[in-house]
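Here is the structure we will look at.
Please read these numbers as outputs of a predicted model, since none were measured by experiment.
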Amino acid sequence: IVARDPNTGEMAVAVQSHWFSVGTIVSWGKSGVGVVATQSFVNPEFGTKGIELMDGGTGAFEALEYLVSKDKGRDVRQVAMLDATGDVEAYTGKKCIASAGHYIGDNYSVQANMMLNDRVWPAMAQTFDHSDGPLAERMVTALEAAQVEGGDIRGKQSAALVAVRGKATGKVWEDRLVDLRVEDHSEPVQELKRLLQVFRADSKR
């Protein structure tokens, strides 16, 4: 899931997969610019180039359209991009392993591939739409909903959550609001949730 809080401008990307250290390859973000989730048969350039294009003023729709058009492996890619204005676009290649699909909502997109069934991403969207509170916690709630519906047909292994400011301060260490990874765990989303709770408690000290 990629999403933006229209009240704060904060943007985030969250992911769970049966893949070791999924956060190192799927989730990308830069404050004041946007966030990217590049998945399925991952092409990391969608992350690096997507952020670069949006940083240069290209909107999420145009950036994704351009990168897909240049990618010879587009049929097996799945990507979502969201920019600092709230524009969001997603793409699911026609050869992504079923069940696969995405749903674009207001200031967010949910996408999944190699799922147990085609109810996973609609459940994520419905849960996110009806959630409240800080954006990071809402992202985790969406991941929980995906798992309840069956999640990855291969099982679960890792998860990640990145949240950045809507406007850059010029201090990179302050602009990345949340940066949490679960590299290898039997219950990665629950561990991610626990780490977020610890992070929140520690940040209040």
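At a cut-off of 3.5 Å, with distance as the only test, no side-chain donor of Q147 or E187 sits close to an acceptor on the other residue. D175 and S31 form a side-chain donor-acceptor contact under 3.5 Å, judged by distance and modelled atom types alone.
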Would you give me the side-chain donor-acceptor pairs under 3.5 Å for residues 56-70, sequence neighbours excluded?
unit_1: T58; atom_1: OG1; unit_2: L53; atom_2: O; d: 3.4
unit_1: S69; atom_1: OG; unit_2: Y66; atom_2: O; d: 2.6

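Residue A125 comes nearest to V110 through the heavy atom pair CB-CG2, 3.9 Å, listed as atom of the first residue, atom of the second, then distance. Contact between L82 and M54 at its shortest, heavy atoms only, is O-SD, 3.7 Å. In terms of heavy-atom proximity, W19 sits nearest to R154 at CE3-NH1, 4.5 Å. Here the closest non-hydrogen pair linking V120 and A146 is CG1-CB, 3.6 Å. What you find for Q111 and A37 is that their closest heavy atoms are NE2-CB, 4.1 Å.
Not a single donor-acceptor pair under 3.5 Å links the side chain of R181 to the backbone N or O of S158. Of the possible polar contacts, one joining the Y91 side chain to the R74 backbone as a donor-acceptor pair under 3.5 Å is found. No donor-acceptor pair closer than 3.5 Å links the side chain of D184 to the backbone N or O of S21. Listed for the T127 side chain is no donor-acceptor partner under 3.5 Å among the backbone atoms of M124. Judged by distance alone, the side chain of S109 and the main-chain N or O of A90 form no donor-acceptor pair under 3.5 Å. Side chain of D83 to main chain of D87: a donor-acceptor pair is present (N/O by atom type, distance under 3.5 Å, no hydrogens or angles). Checked by atom type and distance alone, the side chain of W28 pairs as donor or acceptor with a backbone atom of I25 at under 3.5 Å. Distance alone, capped at 3.5 Å, is enough to place a donor-acceptor pair between the Q78 side chain and the G101 backbone.
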Evaluate the criterion side chain to side chain contact (heavy atoms under 4.5 Å, CB included) for residue pair L135 and F128; output intermediate values, then yes/no.
CA-CA 10 Å; L135 181 60; F128 187 76; 3.9 Å; yes
With salt bridge (Lys or Arg N to Asp or Glu O under 4.0 Å) as the test, would you mind laying out the steps for R77 and D71 before giving the verdict?
CA-CA 9 Å; R77 312 293 191 208; D71 184 14; 2.7 Å; yes
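Atoms CE and NE2, on M114 and H18 in that order, are 10.0 Å from each other to the nearest 0.5 Å.
L192 and L196 end up in the same hydrophobic cluster when Ile, Leu, Val, Met, Phe, Trp and Tyr side chains are linked at under 4.5 Å.
A salt bridge links E137 with R200: at least one charged nitrogen is closer than 4.0 Å to a carboxylate oxygen.
When side chains are defined from C-beta on, D129 counts as touching Y108, because their heavy atoms get closer than 4.5 Å. Side-chain contact check for V35 versus V162: every heavy-atom pair is 4.5 Å or farther apart.
Under the side chain to side chain contact (heavy atoms under 4.5 Å, CB included) criterion, K30 pairs with V33, I51, D55, sequence neighbours left out. The salt bridge (charged side-chain N to carboxylate O under 4.0 Å, His left out) test applied to E10 returns no partner, not counting sequence neighbours.
Summarising the local packing, CD of Q126 is surrounded by 12 or fewer heavy atoms from other residues, nucleotides or ligands at distances under 6.0 Å.
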